[in-house]
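Presented below is the structure to which this report refers.
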Amino acid sequence: MARYNPKETEPRWRKAWSEADSFRAEMLPGKPKYYVLEMFPYPSGRLHMGHVRNYSLGDVIARFKRARGFSVLHPMGWDAFGLPAENAAMERGVDPKAWTYENIARMRDELKELGLSIDWSREFATCDVDYYGQQQALFLDLFARGLVYRKEGMVNWDPVDMTVLANEQVVDGRGWRSGAVVEKRKLNQWFLRITDYADQLTDDLTTLDRWPEKVRVMQENWIGRSRGLKFAFKFAGEAPAGFEDGLEVYTTRPDTLFGASFVGIAADHPLAEQAAARDPKAAAFIAECKKGGASQAEIDTAEKMGFNTGVVVQHPFDASRTLAVWIANFILMDYGTGAIFGCPAHDQRDLDFARKYGLSVTPVVLPPGEDPATFDVGGEAYTGPGTIFHSGFLDGLEIEPAKAAAIDRIEAQKQGEGATVFRLRDWGVARQRGWGCPIPVVHCAKDGVVPLPKSALPIALPDDLEFGKPGNALDRHPSWKHAACPVCGGPATRETDTLDTLVDSSWYFARFTDTKSPVPIDKAAADYWLPVDQYIGGIEHAVLHLLYARFMTKALADDGQVSVREPFAGLFTQGMVTHETYRRQSGEWVEPKDVEITVEGNTRRAKLIENGAEVTIGDVEKMSKSKYNTVAPEEIFGVYGVDAARLFVLSDSPPERDTVWSTAGVQGAWRFVNRVWEEFDSQPADAAAAVDGEAALAVRRATHKLTKQVTEAIDSFRFNSGIARLYEFLNLLKANPAEGASPAVLAARREALLTFARLIGPFTPHLAEECWTRVGGKGMVVEASWPEFDPALTEDAVRILPVQVNGKRRGEISAPAGAEPAEVEKIVMEDPEITRHLEGLTIRKVIVVKDRIVNIVAA
RNA sequence: GCGGCUAUGGCGGAAUUGGUAGACGCAACGGUUUUAGGUACCGUCGGGCAACCGUGGGGGUUCGAGUCCCUCUAGCCGCACCA
């Protein structure tokens with residue numbers, strides 16, 4: 001009996017699938033479709049364990065759905081524009097394009113080695129001129145619909161990457177890739193009107209019932225819809241220049257308007273700038289405010305500070321009441337109108353501010369049960385429910401009706417109106433980079449910004465960009481930017497900004513439905529395949545990519561290019577692959593492969609293989625090059641084969657959780673692979689057909705039960721549980737070996753093995769084929785249908801029922817499946833082991849849960 | 001601060017969704033094979049001598065709770081002076 005040899009079998013089966021073109025996706029009208037997509041990789045050049053896990057997860061679903069009769073689309077491509085290529089170019093003087101395509105070639109080989117059921121005929125990279133040319137067409141379509149605009153505005157500038165970033169790409173005040181502290185700069189920028197879709201993007205979250213709750217919540221918070229009132233205060237004296245219509249504020253608590261004691265404006269509010277112009281003290285205060293950091297810790301500890309501008313406004317409901325306008329450091333210019341009214345009694349920040357500057361604090365919401373004569377908020381603002389008081393026409397109302405009444409009154413006075421405000425800002429998409437999709441417009445001295453006609457597309461990147469120094473290589477190219485204006489024919493300058501790479505990934509899933517289409521999206525193909533039925537990727541894209549893709553889909557739907565309004569019907573966010581970290585005594589990181597672990601009792605120790613030096617075992621962390629805790633997939637493939645590696649990453653933890661890579665773990669998977677092969681190899685290929693007898697029936701029942709369990713486990717993303725059932729079943733087969741078995745058992749085993757080979761197909765596809773062939777399966781597993789189970793055979797004929805007395809387990813009995821309570825009770829009462837515990841007790845009640853359990857209540 | 005999630009043996013995790021807690025794997029321990037073993041195979045494996053006790057702590061509902069309710073604690077993730 002030969003040991004299983006993955007080095008020989010695995011490439012052979014991959015070749016067989018490839019030759020049979022097994023994974024080509026086809027539009028078959030009579031068949032249900034299923035589109036499985038994993039987030040496409042950035043071609044860094046090396047496959048890591050995170051990729052192995054991500055693509056193995058998707059492959060399980062793809063192979064499973066294919067076997068279940070779906071026409072499956074499971075494509076692969078490359079998110080290939082972006083800064084790493086430019087950095088490599090700058091550091092090593094290589095050409096970004098050549099560097100990227102070399103990386104793609106290497107990673108393609110590694111991915112193919114994983115044995116994924118991918119339709120490689122649909123492969124593309126976002127840096128293919130065909131793809132980004134189509135993206136330029138799409139950009140022009142959005143432009144024509146008024147969803148693209150240019151605006152001079154404050155933008156996030158990453159001084160290291162030397163480019164603008166979207167709000168979503170700034171994390172804790174730092175660039176998401178470079179980690180550099182982001183600066184504010186005033187630039188002329190390209191924006192997509194994602195805020196036009198803010199309502200839909202919020203509302204439609206409720207339709208995404210196969211998305212993780214967590215991601216929906218994160219998106220909802222990011223969009224940050226709030227409903228309230230926008231209105232303008234009239235000035236008590238003469239209105240400052242530019243404020244003839246008053247000072248506009250936004251509030252979600254119009255019900256507390258009578259509790260207002262001041263008006264606050266942001267330090268960069270135009271009115272504050274006016275104050276600074278005439279008063280050096282105001283200017284100094286504003287400068288002080290701007291110094292404050294944006295980090296979490298700094299905001300938490302920042303004290304409320306204010307500066308009274310001397311400007312005074314009138315209360316909208318009582319012109320005799322006036323409110324001073326303060327510049328305050330806790331008000332943000334880019335939310336709402338950059339100005340608020342302060343109601344200290346019912347807002348903690350306003351209260352802190354009022355206490356510091358001795359402003360009045362008037363409660364206007366009376367908590368239930370409080371005495372209006374004595375109620376006082378003290379040091380803590382009251383934000384709970386209650387009845388409005390001290391508030392003129394609002395007195396006696398509850399909060400919600402009071403909000404409505406206040407809005408009605410303001411609207412009647414023509415001072416403002418109910419308003420919805422979003423935290424979401426428009427998406428700044430221009431990047432000052434040379435390795436990206438050029439924006440297809442020109443700047444003409446006579447005609448201004450002119451979009452190019454589609455006939456001019458693609459606007460290809462020049463091949464001789466010079467990336468040796470920082471900054472935009474396109475901008476400094478000697479000739480590329482010179483173009484003719486399509487309107488007047490005169491000389492014009494090409495836009496040298498390129499599109500954010502997140503634009504590339506916001507529609508690639510639609511392009512996969514027809515990668516050869518002469519227009520961006522082939523409507524028929526998109527209508528057949530979209531939406532993506534199961535999308536799989538990391539949680540880190542919960543807001544960025546997933547929000548942009550949703551926006552793009554809605555925009556394209558409104559443009560008639562797709563029919564769906566949501567791109568991803570199901571989303572699964574998988575956990576990371578982690579590993580222990582190791583350090584020398586000197587503090588330097590050490591790679592796992594250089595470390596030997598020894599175990600004494602419950603204590604694990606590590607030392608260097610090289611010289612036995614003591615190594616400190618650190619935390620388990622995400623595999624990363626900087627922590628030296630990576631394990632190279634190709635080395636694992638070389639030792640244990642691809643199937644063992646796939647099996648381990650799928651079996652160890654539930655897919656949504658982080659999984660800890662361990663050599664011992666993959667060895668366990670490897671043992672399973674070998675045990676499976678042994679079992680198939682020991683089965684005579686020509687077993688008899690007769691299937692009866694007790695032992696044979698037991699094997700058959702177990703087979704059908706297994707089929708049911710594995711099917712359900714895959715359907716519900718509980719791959720680790722499904723694999724555990726497969727392990728269990730193998731143990732059972734070993735207990736009923738082929739050697740010396742009756743013809744009936746041999747036949748039952750044959751059925752079991754043919755089923756087993758198909759059930760392991762999604763997890764260990766190569767092993768599945770080898771096993772299937774060994775016991776005479778017809779064709780290949782990838783062509784075979786998923787095994788069906790007979791519900792009648794998934795249940796045991798005889799049930800072991802635990803018997804409890806007063807909730808404590810006192811024994812067990814055997815009863816036929818489906819036995820009636822009376823019948824079961826009779827068996828129980830004949831069991832001396834159980835009745836022993838009932839001596840001297842009176843039976844009050846006997847609870848029999850059919851096929852489950854018996855509980856006797858006695859006293 | 002707000003929102004979300006999690007807590008089960010030495011470890012990763014199961015538990016038919018209210019019905020035998022600890023499946024399956026890893027580690028450990030014992031054994032067999034082997035010239036040898038960081039191989040393979042077989043066995044043991046929550047705690048306790050036992051009655052019993054055990055799913056982060058406390059309380060509750062129930063014949064019965066890892067699962068439902070209340071409460072507390074710890075940890076993780078996301079967001080945030082958002083008006």
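Every chain is numbered from 1, with letters handed out A, B, ... down the list of sequences. Values reported hereafter were calculated over all heavy atoms of this structure, with side chains retained and with hydrogens, waters and symmetry mates removed.
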**Message:** Once hydrogens and angles are ignored, does a donor-acceptor distance under 3.5 Å link the base of B:C52 to the side chain of A:Lys808?
**Reply:**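 Such a pair does not exist between side chain and base.
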
Taking [M] as the reference, what is the distance to [N] when you measure between their [atom1] atoms (whole Å, please)?
N	M	atom1	answer
B:C2	B:A50	P	49 Å
B:G10	B:G58	C1'	28 Å
B:G66	B:U8	C1'	7 Å

**Interface with RNA chain B, restricted to residues 716-725 of chain A and to heavy atoms under 4.0 Å** =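 Within residues 716-725 of chain A, the residues near RNA chain B are A:Arg718, A:Asn720, A:Ser721, A:Ala724, A:Arg725.
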
**Request:** Can you sort out which residues in residues 655-668 of chain A have a heavy atom within less than 4.0 Å of RNA chain B? Ascending by number, please.
**Result:**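 Under 4.0 Å from RNA chain B: A:Arg657, A:Ala664, A:Gly668.
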
**Prompt:** For the atom pair CG (A:Leu57) and CZ (A:Arg646), what is the distance rounded to the nearest 0.5 Å?
**Reply:**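 Between atom CG of A:Leu57 and atom CZ of A:Arg646 there are 9.5 Å.
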
**Asked** In Å and rounded to the nearest 0.5 Å, what is the CZ to CG distance from A:Arg355 to A:Asp350?
**Response**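 The CZ atom of A:Arg355 sits 12.0 Å away from the CG atom of A:Asp350.
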
**Request:** Rounded off to whole Å, could you give me the CZ-to-P distance for the A:Phe353 and B:C81 pair?
**Result:**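 So the two atoms are 17 Å apart, to the nearest Å.
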
**Request:** Grab the CD-C1' distance between A:Glu833 and B:U20 for me, whole Å please.
**Result:**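 Computing the A:Glu833:CD to B:U20:C1' distance gives 15 Å.
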
**Request:** Extract the stems that RNA chain B is part of, considering only consecutive pairing runs of at least three Watson-Crick or G-U wobble pairs, both distances under 3.5 Å.
**Result:**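 Expected stems, ordered by start: B:1-7 with B:73-79, B:10-12 with B:24-26, B:28-32 with B:40-44, B:56-60 with B:68-72.
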
Report yes if at least one side-chain N or O of [X] is closer than 4.0 Å to OP1 or OP2 of [N]; otherwise report no.
X	N	value
A:Arg810	B:C52	yes
A:Tyr335	B:A83	yes
A:Arg349	B:C82	yes
A:Asn731	B:G25	yes

